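Taking it in order: structure first as structure tokens, then the write-up.
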Amino acid sequence: MSKEEIKNKLIEELGVHFESEYDLPPLAARIFANLVVTDEDGLTFEDCLLKRGASKSSISTSLNLLLQMDFVNYFTKSGDRKRYFKIAEKNTFFIKKLNRLLKQLERESNMLDKLTEYNEQYRPEKHKENKSKKTVYTKCINDMTTILKTTIAELKQS
């Protein structure tokens, strides 16, 4: 298989991953995948149009979505009116992803506390039945929260 064929296969696999992981529409996911694997400093709107073969409005909508989600940003070159799109700084992207996970765990922990409080007060048999499982699950959430906070701090320092 040639480098280009391998690259196209990787773009497709990354696109499917980004669709499911970040709830991106298929075209936005493929554009983002293109930006991840490109050897260029950045891709222009026209580059995205040629690589994806979609309509101008679809490419524009996808790029705007990626910009709003802070997955990509753009820059211009002196004397060139074109905007060049590139993935956001990797550590910023990773920090945002980990912060989303951290918030999700915090919400999960909060809901678990409310459920425990409810069961303790109104369904003591259920509370007693689930106490050991809740302890294990809470420990997991706390451990993951600690790891995420440590990793975010390390990424911010690098």
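All of these numbers come straight from a predicted model, not from anything done at the bench.
Connection of Val37 to Phe94 is established within a shared hydrophobic cluster, with ILVMFWY side chains joined at heavy-atom distances below 4.5 Å, either directly or through further cluster members. When the side chains of ILVMFWY residues are joined at heavy-atom separations under 4.5 Å, either directly or via intervening members, Phe18 and Leu10 end up in a single hydrophobic cluster.
Atom-to-atom distance recorded for Leu27:CG and Ile59:CD1 is 4.5 Å, nearest 0.5 angstrom. Separating the CD1 atom in Ile11 from the CD1 atom in Ile31 is a distance of 11.5 Å, to the nearest 0.5 Å. Rounded to the nearest 0.5 Å, atoms CG (Asn110) and CD1 (Ile141) are 10.5 Å apart. We find the CG-NZ distance between Asn8 and Lys51 to be 8.5 Å, quoted to the nearest 0.5 Å. One finds the CG atom of Leu102 at 10.5 Å from the OG1 atom of Thr151 (value rounded to the nearest 0.5 Å).
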| task | Evaluate side-chain contact (heavy atoms from CB on, under 4.5 Å) for Asn34 paired with Arg52, printing each intermediate quantity in order. | result | CA-CA 9 Å; Asn34 263 311; Arg52 299 308 332 150; 3.1 Å; yes
| field | Full working for side-chain hydrogen bond (donor to acceptor under 3.5 Å, both in side chains) between Thr44 and Asp47 | value | CA-CA 5 Å; Thr44 65; Asp47 293 334; 3.2 Å; yes
| task | Start with the C-alpha gap between Lys82 and Thr76, add the side-chain angles, then the distance that decides, and say whether side-chain contact (heavy atoms from CB on, under 4.5 Å) holds. | result | CA-CA 6 Å; Lys82 294 180 183 177; Thr76 56; over 6 Å; no
| message | Go through it in stages, so that I can follow the logic: the residues are Leu115 and Asn130, the test is side-chain contact (heavy atoms from CB on, under 4.5 Å), and I'd like the CA-CA distance, side-chain angles, deciding distance and then a yes or no. | response | CA-CA 11 Å; Leu115 181 60; Asn130 291 331; over 6 Å; no
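With contacts defined as side-chain heavy-atom distances shorter than 4.5 Å, the pair Asn119/Pro124 does not qualify. Counting only heavy atoms from C-beta outward, the side chains of Leu101 and Gln104 approach each other to under 4.5 Å. Side-chain atoms of Leu66 and Leu24, non-hydrogen and from C-beta on, do get closer than 4.5 Å to each other. Using a 4.5 Å cut-off on side-chain heavy atoms (C-beta onward), Pro25 and Leu65 make contact. Lys126 is listed as a side-chain neighbour of Glu129, based on a closest heavy-atom distance under 4.5 Å. Looking only at side-chain heavy atoms (C-beta outward), Thr135 and Lys139 stay at 4.5 Å or farther from each other.
With sequence neighbours left out, the ring-ring contact (aromatic ring centres under 6.0 Å, His included) criterion links Phe85 to no other residue. With sequence neighbours excluded, the residues that form a side chain to side chain contact (heavy atoms under 4.5 Å, CB included) with Thr146 are Thr150.
Residue pairs meeting the salt bridge (charged side-chain N to carboxylate O under 4.0 Å, His left out) criterion with at least one member in residues 104-113: none, sequence neighbours excluded. Screening residues 9-24 for salt bridge (charged side-chain N to carboxylate O under 4.0 Å, His left out) gives Lys9-Glu13, Glu12-Arg30, Glu19-Arg30, Glu21-Lys97 as the qualifying pairs, with residues at least two apart or on separate chains. Counting only residues at least two apart or on different chains, the ring pair (Phe, Tyr, Trp, His ring centres under 6.0 Å) pairs with a member in residues 122-158 are Tyr118-Tyr122. The ring pair (Phe, Tyr, Trp, His ring centres under 6.0 Å) contacts involving residues 37-70 comprise nothing, where partners must be two or more places apart or lie in separate chains. Listed by first then second residue, pairs satisfying salt bridge (charged side-chain N to carboxylate O under 4.0 Å, His left out) with a partner in residues 58-77 read Asp70-Lys96, not counting sequence neighbours. For residues 51-72, every residue pair satisfying the ring pair (Phe, Tyr, Trp, His ring centres under 6.0 Å) rule, not counting sequence neighbours, is listed here: Tyr22-Phe71, Phe32-Phe71, Phe71-Phe93. Pairs passing the salt bridge (charged side-chain N to carboxylate O under 4.0 Å, His left out) check and including a residue from residues 32-42, sequence neighbours excluded, read Lys3-Asp39.
Within the 3.5 Å criterion, the main-chain N or O of Leu105 finds no donor-acceptor partner in the side chain of Ser109. Side chain of Ser20 to backbone of His17: a donor-acceptor contact under 3.5 angstrom is found. Judged by distance alone, with hydrogens and angles left aside, the side-chain atoms of Thr38 form no donor-acceptor pair with the main-chain N or O of Leu35 at under 3.5 Å. Judged by distance alone, the side chain of Thr138 and the main-chain N or O of Lys134 form a donor-acceptor pair under 3.5 Å.
A donor-acceptor contact closer than 3.5 angstrom links the side chains of Ser58 and Ser55.
Contact detail for Gly15 and Ala29: the closest heavy-atom pair is O-CB, 3.3 Å. Residues Cys48 and Leu43 approach most closely at SG-CB, 4.2 Å, considering heavy atoms.
In this structure, Met69 places its CE atom where more than 12 heavy-atom neighbours from other residues, nucleotides or ligands lie under 6.0 Å away.
Through direct or indirect side-chain contacts shorter than 4.5 Å among Ile, Leu, Val, Met, Phe, Trp and Tyr, Ile6 is connected to Met1. Side-chain contacts under 4.5 Å among hydrophobic residues (ILVMFWY), followed directly or transitively, place Val16 with no other residue at all. Cluster note: Tyr84 groups with Phe75 through ILVMFWY side-chain heavy atoms spaced under 4.5 Å, whether in direct contact or through intervening members.
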